[in-house]
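Note that the structure is predicted; figures quoted are calculated from it, not measured. Atoms within each ligand, like the ligands themselves, are counted from 1 in listed order.
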Amino acid sequence: MAFVELEERAGGVAILTINRPEALNALNGEVISQLNETLDRIDPASVRCLIVTGAGQKAFVAGADIAQMRDLTQAEGEAFGKQGNDVFRKLETLSVPTVAAVNGFALGGGCELAMSCDIRLCADTAVFGQPEVGLGITPGFGGTQRMARLIGPGKAKELLYTARNIKAPEALSVGLVQAVYHVETLMAEAEKLAGRIAGNAPIAVRACKKAVNDGLEADMDAALLVEEKLFGSCFETADQKNAMTAFVEKRKPDPFING
Ligand code: CO8
């Protein structure tokens, strides 16, 4: 059964869909394993921006599978957390840029999946939250770490300790998402954004992603060195020569070739 689908569109945009709508796309071990394999198939030679979304009208992902987790031992819980963490870290550090199109409930592991993407857009029907403490556990797929980094430790702790769900407007106001759209237009808007990203020089876009990600994990001096190296790596690419020559010659650049 395909719980994760990957569809490549023209123009370098691909759409990854978590497809288990009968359980609101809840993440069991099999879904996570298929997500892992799907991420391995994404080829930056053809994919310039990846959209991550959930199947159906109701949920992005309603969390890790509670029925499957109920009887886990301590060691099994830790192993499940590692399985999720490894895959979500793979997504976070995927070389191509990623946009989460959050089309409904993004709870627990679903909120954590969205936070592992570079940019989050959501439907006006979206609901975010980390309900774990109400289930007797902590977030286990990176939620404590990524939420604190994205919206600050105070707000993150309030949401984590209370297990309070928030709707789209509050998610926007705390900076958890970058934009809210009517549920009917969300995917079109996500594709528009992804298309715009995909139209820029891919090596440079990927270098921006790496610079932000790696730089945030370093002190400022080391972070600026990361940027210098990545900045330098863009020179002598065909896309850089094409774009800068076009500017100097007062014309539009040829389409970028990802080289
Ligand atoms: N796990 C398993 N099944 C689920 C989940 C889930 N997280 N969420 C929904 N489902 C299933 C329901 O059981 C139901 O199945 P069935 O039709 O067979 O009864 C089906 O999806 C539809 O759901 P509902 O009938 O509940 O739909 P409602 O519209 O009434 O409610 C909600 C929607 C509010 C989203 C509700 O389904 C809900 O509260 N879901 C659980 C949300 C949640 O608590 N998520 C967090 C889970 S914990 C987690 O993600 C931890 C991540 C880190 C793990 C670390 C591992 C160690």
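- No part of Glu78 comes within 4.0 Å of ligand 1, judged by heavy-atom distances.
- Counting heavy atoms under 4.0 Å from ligand 1, residue Leu135 touches it through the side chain alone.
- Less than 4.0 angstrom separates atom 8 (N) of ligand 1 from at least one non-hydrogen atom of the protein.
- For atom 41 (C) of ligand 1, the nearest non-hydrogen atom from the set Val61, Ile66, Ile32 comes from Ile66.
- Distance remark: protein heavy atom not present below 4.0 angstrom from atom 36 (C) of ligand 1.
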Legend entry - Check against salt bridge (charged side-chain N to carboxylate O under 4.0 Å, His left out), Glu92 and Arg149: CA-CA 13 Å; Glu92 182 175 47; Arg149 284 164 173 74; over 6 Å; no
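- The option from Glu132, Arg70, Lys58 that lies nearest to atom 27 (O) of ligand 1, judged by heavy atoms, is Lys58.
- The shortest contact between atom 38 (C) of ligand 1 and any protein heavy atom is with Leu107 CD1, 4.8 Å.
- In this structure, atom 1 (N) of ligand 1 is in close contact with the protein, since a protein heavy atom lies within 4.0 Å of it.
- Close contacts between ligand 1 and Met69 involve ligand atoms 48 (S), 54 (C), 56 (C) [criterion: under 4.0 Å to a heavy atom].
- Across every non-hydrogen atom of Ile257 and Arg48, the tightest pair is C-NH2, 3.9 Å.
- The only option from Lys90, Arg89, Lys82 that meets the side chain to side chain donor-acceptor pair (under 3.5 Å) definition with Asp86 turns out to be Lys82.
- Residues Gly109 and Val61 approach most closely at C-CG1, 4.4 Å, considering heavy atoms.
- Shortest contact from atom 23 (O) of ligand 1 to any protein heavy atom: Leu24 CD1, 3.6 Å.
- Close approach of ligand 1 to Glu112 is summarised as follows: ligand atoms under 4.0 Å from at least one heavy atom of the residue are 52 (C), 53 (C).
- In summary, Lys167 and Glu170 do not engage in a salt bridge, as defined by a charged side-chain N under 4.0 Å from a carboxylate O.
- When all heavy atoms are compared, the tightest approach of Asn258 to Pro202 is OD1-CB, 3.1 Å.
- For the pair Lys209 (side chain) and Val96 (backbone), a donor-acceptor distance under 3.5 Å is present.
- Residue contacts with ligand 1: Gln68 is excluded, as none of its non-hydrogen atoms falls under 4.0 Å.
- The nearest protein heavy atom to atom 30 (O) of ligand 1 is not closer than 4.0 Å.
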Legend entry - Pair Lys155-Glu158, salt bridge (charged side-chain N to carboxylate O under 4.0 Å, His left out): steps then yes or no: CA-CA 5 Å; Lys155 191 71 197 173; Glu158 183 225 311; 2.7 Å; yes
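- With a 4.5 Å cut-off on side-chain heavy atoms, Gln130 and Met115 count as touching.
- For ligand 1, the atoms sitting less than 4.0 Å from at least one non-hydrogen atom of Gly109 are 49 (C), 50 (O), 52 (C), numbered in the order shown with element in parentheses.
- Between Glu30 and Arg20 there is no salt bridge, since none of the side-chain N atoms of the basic residue sits less than 4.0 Å from a carboxylate O of the acidic one.
- Among the atoms of Ala62, some N or O lies under 3.5 angstrom from an N or O of ligand 1.
- Taking only nitrogen or oxygen atoms, main chain and side chain alike, Phe105 does not reach within less than 3.5 Å of ligand 1.
- Residue, atom and distance of the protein heavy atom nearest to atom 4 (C) of ligand 1 are Ala23 O, 3.8 Å.
- Among all protein heavy atoms, the one lying closest to atom 56 (C) of ligand 1 is Phe80 CD2, 3.4 Å.
- Closest protein heavy atom to atom 57 (C) of ligand 1: Gly77 O, 3.2 Å.
- By the 6.0 Å contact criterion, CD on Glu8 is enclosed, its count of non-hydrogen atoms from other residues, nucleotides or ligands being greater than 12.
- Counting protein heavy atoms under 4.0 angstrom from atom 49 (C) of ligand 1 gives one or more.
- Checking Gln68 against Asn28 by side-chain atom types alone, no donor-acceptor pair falls below 3.5 Å.
- Side chain of Thr73 to main chain of Glu76: a donor-acceptor pair is present (N/O by atom type, distance under 3.5 Å, no hydrogens or angles).
- With hydrogens left out, the protein atom closest to atom 44 (O) of ligand 1 is Pro131 CG, 3.5 Å, a heavy atom.
- In terms of protein heavy-atom proximity, atom 3 (N) of ligand 1 is nearest to Ala26 CB, 4.2 Å.
- The shortest contact between atom 15 (O) of ligand 1 and any protein heavy atom is with Glu22 O, 4.2 Å.
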Return all side-chain donor-acceptor pairs below 3.5 angstrom for residues 221-238, not counting sequence neighbours, or 'none' if the list is empty.
| residue | atom | partner | partner atom | Å |
| --- | --- | --- | --- | --- |
| Ser233 | OG | Leu230 | O | 2.6 |
| Thr237 | OG1 | Cys234 | O | 2.7 |
| Thr237 | OG1 | Gln240 | N | 3.1 |

